[in-house]
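Let me begin by presenting the structure, written as structure tokens, before commenting on it.
Throughout, a chain's letter reflects where its sequence line sits, starting with A, and its residues are numbered from 1. Model, not experiment: these values are computed from the prediction.
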2 protein chains.
Amino acid sequence: MTETRGERKEKTRRAILDAALALSSDTTLVALSLRQVAKEVGIVPTAFYRHFASIDDLGLALVEEALDTLRTLLRELRSSAGQDARTIIDGSVTVLVEQVRQHQAQFAFIARERFAGPPAVREAIARGIGLAERELSTDLAYLPGTDKWSDEDRQTLSSLIVGAMVTTVERLLTAAAGSTAEGRVAASTRAQLRMMVIGAKHWRSTP
Amino acid sequence: MTETRGERKEKTRRAILDAALALSSDTTLVALSLRQVAKEVGIVPTAFYRHFASIDDLGLALVEEALDTLRTLLRELRSSAGQDARTIIDGSVTVLVEQVRQHQAQFAFIARERFAGPPAVREAIARGIGLAERELSTDLAYLPGTDKWSDEDRQTLSSLIVGAMVTTVERLLTAAAGSTAEGRVAASTRAQLRMMVIGAKHWRSTP
DNA sequence: CGTGACAGTGCACACATGTTCACTCAAGCT
DNA sequence: AGCTTGAGTGAACATGTGTGCACTGTCACG
């Protein structure tokens with residue numbers, strides 16, 4: 001045999017996860033049926049239980065993976081440094097588009113299940129996005145300009161930016177890769193980020 | 001009889017719509033079963049067909065109603081005039097919170113089905129939000145400051161604002177009515193809108 | 001070489017689903 | 001008063017669902 005026992009197992013586990021992601025993209029996680037997945041993978045329904053304790057478990061594993069790519073996106077965004085605001089923005093949007101295209105299915109999954117998924121899934125996604133906001137917020141504490149702001153103001157700006165990013169991801173998901181629509185979304189997002197930065201630059205807290 | 005035949009029919013039709021909205025709030029539209037709805041309403045499953053041609057038809061009627069309350073929100077927002085930017089923003093956020101609280105289930109439905117619903121539903125919701133963006137964009141053409149802008153810039157600002165509004169609605173839905181969390185969301189949104197307005201005020205298009 | 005672990009099989013069960021059909025029986029018209 | 005219309009009924013259907021249980025065959029290890 002060219003494959004060891006453990007490798008084979010991992011392979012069908014992957015196949016199950018992939019099939020589940022593909023099938024749920026037509027509808028939703030709650031509408032995902034064990035038997036559909038099994039048929040797609042090419043195993044008998046009961047063999048599914050060799051890999052997951054239940055169908056809910058599958059959903060949890062799926063969201064875990066999706067959040068992993070979310071965290072990857074965040075890491076990439078933070079490491080795509082730049083000198084002035086302009087280049088930071090341009091680079092960030094480029095990274096965003098790239099990552100969304102590269103992991104389209106995962107981001108679509110997150111967008112779908114963010115409000116439609118089971119409670120545990122919804123909460124996990126909310127935590128992921130909340131984390132992004134907090135990270136950006138603390139990053140802002142070290143940036144010239146916002147370093148003098150109050151925590152509250154930084155959180156406000158951070159949630160505004162993250163919100164715009166989420167909206168952009170959602171827009172990208174409905175635009176075909178490499179289409180003019182995609183270009184428009186990217187350009188629009190860049191403009192929006194610049195607008196926000198300008199707003200932040202002239203911001204004076206008025207409680 | 002205290003009720004006419006037509007009134008009775010309309011009454012159970014309403015009951016079906018209400019039950020469907022309530023039941024789908026636990027999961028999703030696609031996971032909504034005819035028999036669940038029928039049981040909740042107190043009619044036999046087959047009686048359902050006297051009111052809707054199919055379960056998909058129900059979904060369409062549901063989204064139609066939800067979009068109606070969305071349009072109501074937009075109308076309320078536009079009519080809640082004010083003098084300076086500050087009072088316009090404050091009034092708008094107040095209206096937004098009010099409307100979301102008053103039609104919580106409908107807005108939750110929209111948030112859920114926006115990406116998880118069947119294609120027809122998703123497209124209907126996207127059209128509704130697109131309409132909001134276009135309306136705001138044309139409104140901006142008559143406001144001092146943005147009246148001199150290019151259409152493109154106005155669309156960019158409009159989509160930014162609408163996006164922030166959508167995000168705010170989503171945040172409100174996860175915050176309890178009258179809670180301190182709700183107050184924080186409202187305050188944060190007001191600050192964000194002010195930030196955006198400031199950004200717009202100092203905006204110079206850089207193509 | 002022999003033996004145990006275990007991924008995958010096949011059958012079974014009990015239950016839920018959407019939709020059909022012929023029906024009842026009261027309201028509302030002529 | 002008589003007759004039609006139509007909201008609601010109840011049984012039936014074919015199909016899909018999750019999960020339990022005894023099984024097989026092969027890989028990996030003592």
Side-chain angles (χ1 to χ4, degrees), chain A residues 1-63 113 116-121, chain B residues 1-63 113 116-121:
Chain A
M1 270 319 113
T2 159
E3 287 164 314
T4 167
R5 216 174 164 88
E7 286 172 343
R8 270 209 179 280
K9 172 158 189 180
E10 180 53 30
K11 208 168 179 177
T12 80
R13 194 190 133 94
R14 261 260 61 82
I16 290 177
L17 285 166
D18 292 346
L21 191 63
L23 286 173
S24 79
S25 78
D26 294 333
T27 54
T28 321
L29 201 52
V30 297
L32 192 64
S33 98
L34 186 157
R35 295 175 114 100
Q36 265 180 20
V37 175
K39 181 176 282 183
E40 181 84 4
V41 174
I43 58 174
V44 89
T46 49
F48 171 89
Y49 291 103
R50 297 288 172 198
H51 303 273
F52 299 95
S54 70
I55 199 96
D56 296 325
D57 228 47
L58 212 206
L60 250 40
L62 230 38
V63 81
E113 306 303 332
V121 170
Chain B
M1 271 315 115
T2 158
E3 285 165 314
T4 167
R5 218 176 162 87
E7 285 171 345
R8 271 209 178 279
K9 172 159 190 181
E10 181 54 30
K11 207 167 181 179
T12 81
R13 193 190 133 94
R14 261 262 60 83
I16 290 177
L17 285 167
D18 292 348
L21 191 63
L23 286 174
S24 77
S25 78
D26 293 333
T27 56
T28 321
L29 200 52
V30 298
L32 191 64
S33 98
L34 186 156
R35 294 174 115 100
Q36 265 180 20
V37 175
K39 180 176 284 184
E40 181 84 5
V41 174
I43 58 175
V44 88
T46 50
F48 171 88
Y49 291 101
R50 297 288 172 197
H51 304 274
F52 300 94
S54 71
I55 200 98
D56 296 324
D57 230 47
L58 210 205
L60 252 39
L62 230 38
V63 81
E113 306 304 331
V121 170

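- The side chain of B/Tyr49 contributes no N or O atom lying less than 4.0 Å from OP1 or OP2 of C/dT20.
- Regarding A/Lys9, its NZ atom lies at a distance of 15 Å from the P atom of C/dA5, rounded to whole Å.
- Here the NE2-CG distance, from A/His51 to A/Leu58, works out to 10.5 Å after rounding to the nearest 0.5 Å.
- Put simply, NZ on B/Lys39 and CD on B/Gln36 are 8.5 Å apart, with the number rounded to the nearest 0.5 Å.
- Comparing C/dT9, C/dG18, D/dA11 by their closest approach to the side chain of B/Thr46 singles out D/dA11.
- Computed from coordinates, the B/Lys39 NZ to D/dT9 P distance equals 14 Å when rounded to whole Å.
- Of the candidates D/dG18, D/dA28, C/dG28, the closest approach to any side-chain atom of B/Thr4 belongs to C/dG28.
- Between the CG atom of B/Asp56 and the C1' atom of C/dT19 there is a distance of 13 Å, rounded to whole Å.
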May I have the step-by-step check of side chain to side chain contact (heavy atoms under 4.5 Å, CB included) for B/Val37 and B/Phe52, ending in yes or no?
CA-CA 12 Å; B/Val37 175; B/Phe52 300 94; over 6 Å; no
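- Counting distance only, with no hydrogens placed and no angle test, the side-chain atoms of A/Arg8 and the base atoms of D/dC27 include no donor-acceptor pair under 3.5 Å.
- For the helix from C/dC1-D/dG30 to C/dT30-D/dA1, the end axes, each set by the C1' atoms of five terminal pairs, are bent relative to each other by 10° (nearest 10°).
- Listed by residue number, the members of residues 10-21 of chain B with any heavy atom below 4.0 angstrom from DNA chain C form an empty set.
- Nearest heavy atoms, A/Ala38 versus A/Pro45: CB-CA, 3.7 Å.
- A distance of 12.0 Å separates CG in B/Asp56 from CG in B/Leu62, rounded to the nearest 0.5 Å.
- The closest side-chain heavy-atom distance from A/Phe48 to A/Val41 is not below 4.5 Å.
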N/O contacts under 3.5 Å, protein versus nucleotides 14-17 of chain C?
unit_1	atom_1	unit_2	atom_2	d
C/dT17	OP1	B/Ser33	OG	2.8

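- Contact detail for B/Ser24 and B/Leu32: the closest heavy-atom pair is N-CD1, 3.9 Å.
- Rounded to a whole Å, the CZ atom of A/Arg5 is 10 Å from the P atom of C/dG8.
- Atoms OG1 and CG, on B/Thr12 and B/Asp18 in that order, are 11.0 Å from each other to the nearest 0.5 Å.
- Rounded to an integer number of Å, the gap from A/Glu7 CD to C/dG8 P is 14 Å.
- You'll find the side chain of A/Glu40 reaches within 4.5 Å of the side chain of A/Leu23, heavy atoms only.
- The shortest distance between side-chain heavy atoms of B/Ile16 and B/Arg13 does not fall below 4.5 Å.
- Nearest-nucleotide assignment on DNA chain C puts the 5′-proximal partner with A/His51, out of B/Pro45 and A/His51.
- For B/Phe48 and D/dG10, the CZ to C1' distance is 18 Å, given to the nearest whole Å.
- The nearest whole Å value for the distance from the CZ atom in A/Arg50 to the C1' atom in C/dG10 is 13 Å.
- As rounded to whole Å, 12 Å separates atom P of D/dG8 from atom CZ of B/Phe52.
- Separating the OH atom in A/Tyr49 from the CD1 atom in A/Ile55 is a distance of 7.0 Å, to the nearest 0.5 Å.
- The structure places CG of B/Leu29 at 9.0 Å from OG1 of A/Thr28, a figure rounded to the nearest 0.5 Å.
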